Amino acid sequence: MKVLIELFDTEQIYNYIATLVFKPEKVYFVGDSKIMGGNCRIKAEKLTRLKDINAKFLYKFVNSVDFHTLRNKISEIIEDEKKLGNECVIDVTGGRDLALVAAGYLMSLGVEVIRYDPKNKVFRI
């Protein structure tokens, strides 16, 4: 996996578990600026040092209660990465309801979506 798109969640472990498991080259955090502020970046950088992760973390701020904005931002990331020859995977383990709906919409366009199943401790496609 080259590019992981994370729907940012206030439950921090859900923002990083796929990165720890799949070790993508790039991770896009998509979410509201209020919950993805400076603390998010500090925690991401700290995690990369602790776990020797070489991923590049990118932050895309969107209004998390606006479906069209969410869908368009995620679509934009996917289109930009496809131009570079990279496939994207969206992790829907976390994120707000509208972000999940936007990701579901993108599934109809052929984007792979994964989620973590905490009960069985595995990722599901």
Side-chain angles (χ1 to χ4, degrees):
M1 173 187 310
K2 280 198 165 226
V3 179
L4 177 67
I5 300 171
E6 280 288 342
L7 304 178
F8 199 80
D9 193 274
T10 54
E11 185 64 46
Q12 292 295 328
I13 188 66
Y14 293 136
N15 295 319
Y16 302 108
I17 194 164
T19 299
L20 292 169
V21 172
F22 297 109
K23 300 186 183 335
E25 292 178 16
K26 287 184 195 174
V27 179
Y28 286 90
F29 290 112
V30 179
D32 198 300
S33 63
K34 293 175 188 168
I35 61 170
M36 274 190 358
N39 244 359
C40 171
R41 292 179 181 170
I42 292 167
K43 289 177 182 180
E45 291 169 8
K46 190 175 190 178
L47 178 72
T48 59
R49 287 190 303 271
L50 289 171
K51 295 293 185 181
D52 197 29
I53 297 170
N54 295 318
K56 180 178 181 178
F57 289 102
L58 302 156
Y59 302 86
K60 299 298 180 177
F61 301 110
V62 295
N63 180 350
S64 60
V65 295
D66 183 338
F67 169 77
H68 297 291
T69 302
L70 281 162
R71 183 196 61 203
N72 292 343
K73 182 55 71 179
I74 296 169
S75 293
E76 179 184 301
I77 293 167
I78 292 166
E79 288 174 25
D80 290 347
E81 288 297 331
K82 278 188 176 182
K83 288 177 187 174
L84 297 172
N86 298 330
E87 290 296 320
C88 297
V89 174
I90 303 173
D91 179 13
V92 296
T93 304
R96 292 188 165 183
D97 291 345
L98 280 180
L100 299 174
V101 172
Y105 170 82
L106 294 167
M107 285 177 71
S108 68
L109 304 177
V111 176
E112 188 170 348
V113 173
I114 60 171
R115 72 172 178 83
Y116 183 68
D117 176 351
K119 181 179 177 185
N120 296 306
K121 299 179 181 168
V122 296
F123 276 90
R124 306 271 186 205
I125 295 176

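Model, not experiment: these values are computed from the prediction. Throughout, numbering of the chain's residues begins at 1 and tracks the sequence.
- When all heavy atoms of Leu70 and Asn63 are compared, the pair lying nearest together is CG-O, 4.0 Å.
- With rounding to the nearest 0.5 angstrom, the NZ atom of Lys2 is 10.5 Å from the CD atom of Glu87.
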Pair Lys82-Ile78, side-chain contact (heavy atoms from CB on, under 4.5 Å): steps then yes or no: CA-CA 6 Å; Lys82 278 188 176 182; Ile78 292 166; 3.9 Å; yes
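- Note: the hydrophobic cluster containing Ile125 also contains Leu4 (ILVMFWY, side chain heavy atoms under 4.5 Å, direct or indirect links).
- Distance CG/Asp91 to CD1/Ile5: 10.5 Å, rounded to 0.5 Å.
- Closest of all the heavy-atom pairs between Asn120 and Arg124 is ND2-NH2, 3.1 Å.
- Residues Leu84 and Val3 do not share a hydrophobic cluster, clusters being chains of Ile/Leu/Val/Met/Phe/Trp/Tyr side chains in contact below 4.5 Å.
- The NZ atom of Lys73 sits 9.0 Å away from the OG1 atom of Thr69 when rounded to the nearest 0.5 Å.
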Atom pairs and distances, donor-acceptor, side-chain atoms in residues 16-24, under 3.5 Å, two or more places apart:
| unit_1 | atom_1 | unit_2 | atom_2 | d |
| --- | --- | --- | --- | --- |
| Tyr16 | OH | Cys40 | O | 3.3 |
| Lys23 | NZ | Leu20 | O | 3.2 |

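- Residues Val62 and Asn72 have side chains not in contact (no heavy-atom distance under 4.5 Å, counting atoms from C-beta outward).
- The two residues Thr93 and Phe123 make their nearest non-hydrogen contact at OG1-CE2, 4.3 Å.
- Aromatic rings from Phe57 and Phe29 are positioned such that their centres are separated by under 6.0 Å.
- Contact record, Ser33 with Phe61: CA-CD2, 3.4 Å, taken as the closest heavy-atom pair.
- Annotation: Tyr14, atom OH; neighbour count of heavy atoms from other residues, nucleotides and ligands within 6.0 Å does not exceed 12.
- Under the 4.0 Å criterion applied to side-chain N and carboxylate O atoms, Glu81 and Lys26 are assigned as salt-bridge partners.
- For Leu50, the side-chain contact (heavy atoms from CB on, under 4.5 Å) test picks out Lys46, with sequence neighbours left out.
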